[in-house]
Structure formats: structure tokens, C-alpha cells
Amino acid sequence: MCGIIGFTGNINAKEVLLQGLKALEYRGYDSAGISFFTGTGIKTIKAVGKVAGLVEKTVMSDDDTKCGIGHTRWATHGGVSEVNCHPHHFGKVTLIHNGIIENYKELQEELALEGKEPVSQTDSEIAAMVIDSYYKSDPVSAIKKAVKKLRGAYAFCIMFTDHPGSIYAIRNGSPLVATTTGAGSIIASDMVALIKYSKDYFVLPEHHIAHLTASSINITDLDHNEIEPDMLHVNWDMAAARKGGYEYFMLKEIHEQPEALRNTISPRIKDGMPDFSADGIDDSLFKDINRIIIAACGTAMHAGLIGKNMIEKLSRVPVSVDIASEFRYQDPVIDENTLVITISQSGETADTLAALRLAKERGAKTLSIVNVKGSSIARESDYVLYTHAGPEIAVASTKAYTVQLAAMYLVAFRFAYIKGKITEDKTKEFIKELEKTPGFVEKMLSCDKAIEPISNKLLKTESLFFIGRGLDYALSCEGSIKLKEISYIHSEAYAAGELKHGTISLITDNVPVIALATQEDVFAKMISNIREVRSRGARVIMITGADAQVDAALCDHLITLPPVSDVFAPFGAAIVLQYIAYYTAVARGLNVDQPRNLAKSVTVE
Ligand code: AGP
């Protein structure tokens, strides 16, 4: 996933572009580049590495410019090099791209027949060449013809050498938001790059061409019909998109969870009952559903595992959780009584979007749980339940995960009530408990002092295990990905009862095992599993509920949650797991917010 930005207006464009790229850097940071109009044409500056390197190179150029485009790259085609860095230029076209052109090789061969050869190994440069091959004097007509040849996902910002002051944009699958302000017109991959200039914005509709000038943005469809965009409004500000004094965005976002939970839960409670009417979701969505499929990736999929536990336990309707990149190539059994729930913080994850489209094609009803307003998954679902966590900048998802849990719990309670499986009183009881989770999480945030020394002991660990049963197994999956993605320590989540069927052979002296035992109904079994690994030399970090009776000799570290019913324990245990990952990565001196090889949202396959 890459970050793209374009600006044309009456202030220094370079500053707008560089500030925007800094804000978008979490989307990809292999290399960065800008192109802008000077008095004599278009100038391009590129730098491998983080945006700071580009800033250094740019300050040395004293060009005064009011129109340009900028790009932060997460490599998909071609290595990390200056030649592969965007913007790409061919003929009269200068272009930046977020996405993947799947047929770029065929197009490259066609262009070669005309004696046209790229200088980079990227699909994006081929796109620039194709647009240029159609360009005579009308940018809109060239773009319309060119995109007919392209297959795959793209968000383009394009400048034409003989159209100074203008930027053109079009998208298919990859995100683009835009707005016009007193300073000029600005377009970018997401709101963090626009928020400094305006809280009002629109999502560029797919397959529509935006023509940005200093004073306006004109949007036409591929049949030359002009349209007015639907304006949206964000309720967070620049401060929310900055670190707010924390060392890393991740720690800030861990601490934002009580507020994120409050903002996600409260608008969905009316007279003590779960209520989605403000979301445009009424009971007719759930009434005839006899099967639910949850499709998502990574942490979002782990939230789905918890959701499955809750929905099945209460409503007695079968729920399956599918990895979206698997689901999209399967031949799922779906009918009009199937509800497919897609979960996605960014709302732009390519695999999850593809899973949603497959579900709709097969006639399922679709509900998405999404954090980014107006994102592709949100817009393409029949219904969307927005989580209100605010911008999540750190690559490692924390507050988005716990608000996804809250959304799943709200769905589970409403669905079970509609199915007549729980009474109104029981539903209200659950809701009362759910309303306490922000306070419960607030209390958990102070356990960092207990966790940090434990994390320091994991510093030199090569590999470790997370084990649990039921909800705790689903949590183990989340704990494992959190630790791996930011500390680079290999870990594996294992159903505790399954360990002895092979993997326990890897448990030897001092191998760390993080055992989650918060669920009373399987607590005794967990104690046996902990004894099994202990007897083989494991170092055990145990996470339990408040009233668990634990023999001190059973574990090296015991972390006890404040009093909470088992069903809501995941909200607290999640904080412990987030802290373990965070403090281990900090102790290892790693860049917690921008771990190697990763990007915040994977908008390519
Ligand atoms: C979470 O910590 C990871 N960064 C990753 O697994 C993420 O959850 C996954 O890529 C899904 O992203 P989405 O929620 O934006 O769809």
C-alpha cells in the first residue's frame, strides 16, 4: 500500500506535499518522491528510505511551485531503488500510483513493439506509458482510453507537462479522498493528509476522473457526465493524527482505547438495549439469517474469532471465520439466509474487499465493521457498522481491535435477542457489562508497570508460544501476531489442548509460554496444560481472572485481570498482550510504529 497526495493552489505546494507525505508515511516507507510544476516544466525529486530523506533533498531546491504530486512507496513490483520510486514520467505524463496493475507485462510487450521501453521495473511506469500513448492534448480523454486497457487496482494522480496547475485523478479499488479549500485543491490516499486543511472531504467515486485546479475540483464519469460528490465530515483533528506526547503512535492508541470503546458503544445503546437504527440497520437484516461467515485478515480476523465465539454461544446460529485471502478463492456455500460480516480497520484491505464482493455476488447479505468512514469496504457493503476509534496510525492494530470486539458483541447481543435466544433482561444485563468495558480497560492501562519488566525478559527470546482455550485461544492468536509484527520474535498461538499432539516437542528449557487462563469453564484444563509445559522446562507467563487460585510455583509471572465476567475478559487481556508486544519491541530498540516489511493497510493482493 502506498501513500499518494496531490495539491494545486495558491500556497507553496512543496510544503503541502511533504507534510502530507509525512502524515501518510505509515502507509509505506520504502522510498518517496515529489514532482511539481516549475516555470520551465515538471521537476521531480526522489529519495530511497523515509520521507525525511526526501525533505532533505527538497529543501536544497528553491523552486517556488503551486502545483505538484507526492508519493510514499511500499514496493510491490521492483525493488527499493530511486529508479523505482514514484513519481514516474513518460512523454508528457508524470504519475503516482497506489495499487497493482495486473496486466502490466502484456502492456509492456505491446509498448515494446512501438519501441517504448520503461526505465524502472514497476507496473506504475507502464501505466504512465499507456496514458501517454493516448495523449494528444486532452488529458481526460487520454485517461479514459488508457484505463480501459488496465486490469487491477489503482489510484492515480497525474500531471501533463502542457497543463500546468492541473492534476488529474482516477481510482479503481485503491482509496482517494479530496477537498477544495481556500489554499487550493488537495487529494490524497486518506484524511490524515487533508485534515490540516479541512475536516470536510469527499471520496472520489471509482471510475470517475477528478480534475483539480487551484479553485475547484471537477468530477466526470467515463461518459463525460459531471457529478457533484457526496461531502463527508471527520470529527477528529490534527492532534489526533499526531503522537500527543507519546513515544510511539502505538502507545498513544493503546491509551485511546477507553475513549474509542465509549465512542463505539454508546451510540448503539437505546433504553438499555443494543440498537443500530442510527446506523441504518434494523432487525430485518438479522431475522432470516441461519448462517454467518466472518471474513477478514490479520488482527481483524482475530476479532472475528472472538465474535464467532460470542455469536454462536448466544444465538446458536453457526458462524465460521475465514481468512479473507482464502475465502476469495473458495467456492463458498452462500444463500440469501447467509450473513457475511467483513471486518477491516482501513476498509481498504484488498483481500477483504474481494471477499465482500464474492459474498455479494453469491447473494449473501453483507455487513461490514470498519473504522475508516467512506472506505471501499464500507461503501460496498449492504450495511456498515462504523467503529469510532479515530485514526489508527501505528501499523500494529490495537484500539481498532478492541472496538471491533465491541461491535461484534453488540451484534451478538442484538442477533441473539432477535432470535429469541436471550430475553430482554439478559440482553440488558450484557449491555450493562459492555458499557463498563471502557472503565475496565482504563484500569488495565495501569498494568504497564507490571508488564514492562516481563517484556524485558523476552528480549533475547528466539521463539515463544501463546496458548489458550476458547476465547483465550482466539486471544492467543492476537497476542502472537502483535508480538511477531513489531518485535520480530517468532511466536505461535496454539490451542492449549492441541499442544500435546506434536508441538510440545518444541517445549524445552526456558522456552517462554504465555498462557491465557481467564475462562472459568476450562480453567482446570488450562492448569493441566501449564503443568505439561512447565514439566518440560518452559518459562510461563500466566494471565488469569481475578478470582483464579494459582499455585505460585506454577508460573514465573502471574498477571491477574481486575474483576470482570469471563465473557468480557478479552477486553482486558488484549491490553496485556498489546503491552507485552509493545515493551518487547521497545526493549529491542525497534521502530514500533513502522515495522519492517509491513504497511498499515494491504491494498494489494
Ligand atoms: C494488525 O496489527 C496488522 N497490522 C494486520 O494484521 C491488519 O490487522 C490486517 O492487515 C487487516 O487490516 P484491516 O483491518 O485494515 O483490514
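All ligand and atom numbering here is 1-based and tracks the order in the structure.
Side-chain rings of Y401 and H302 stay apart, their centers remaining 6.0 Å or farther from each other. Ring centroids of F156 and H97 are separated by less than 6.0 Å, placing the two rings close together.
Those atoms of ligand 1 with a heavy atom of S397 less than 4.0 angstrom away are 1 (C), 2 (O). The contact set between ligand 1 and G298, taken as ligand atoms under 4.0 Å from a residue heavy atom, comprises 6 (O). Heavy-atom contacts of A396 reach the following atoms of ligand 1: 2 (O) (cutoff under 4.0 Å). Numbered from 1 in the order shown, with element, the atoms of ligand 1 that lie under 4.0 Å from a heavy atom of A300 read 8 (O), 14 (O). In summary, the atoms of ligand 1 found under 4.0 Å from a heavy atom of K482, numbered by their order in the structure, are 1 (C), 2 (O).
For atom 11 (C) of ligand 1, the nearest non-hydrogen atom of the protein is C297 O, 3.5 Å. Counting protein heavy atoms only, atom 15 (O) of ligand 1 is closest to S346 OG, 2.7 Å. When only non-hydrogen protein atoms are considered, atom 10 (O) of ligand 1 lies nearest to V602 CG2, 4.3 Å. Remark: minimum distance from atom 3 (C) of ligand 1 to any protein heavy atom is reached at E485 OE1, 3.4 Å. When hydrogens are left out, the protein atom nearest atom 14 (O) of ligand 1 is Q345 N, 2.7 Å; that is the closest non-hydrogen contact. Closest to atom 4 (N) of ligand 1, if we only count protein heavy atoms, is V395 O, 2.7 Å. Nearest to atom 12 (O) of ligand 1 among the protein's heavy atoms is T349 OG1, 3.5 Å. Scanning the protein heavy atoms around atom 7 (C) of ligand 1, the nearest turns out to be T299 N, 4.1 Å.
Donor-acceptor pairing under 3.5 Å is lacking for the side chains of S397 and T299. Under the 3.5 Å distance criterion, with hydrogens and angles disregarded, no donor-acceptor pair is assigned to the side chains of T122 and N84. There is no side-chain donor-acceptor pair under 3.5 Å between N98 and S189. With no hydrogens or angles considered, a side-chain donor-acceptor pair links Q257 and Q578 at under 3.5 Å.
Under the 30°/60° scheme for interplanar angles, the aromatic rings of Y409 and F413 are found to stand perpendicular.
Of the possible donor and acceptor atoms, one in the side chain of R414 sits under 3.5 Å from a partner among the backbone N and O of P274.
By the criterion of a heavy-atom distance under 4.0 Å, the side chain of I481, and not its backbone, is placed next to ligand 1.
Y488 carries R596 over the face of its six-membered ring, with the cationic atom under 6.0 Å from the centre and within 45° of the normal.
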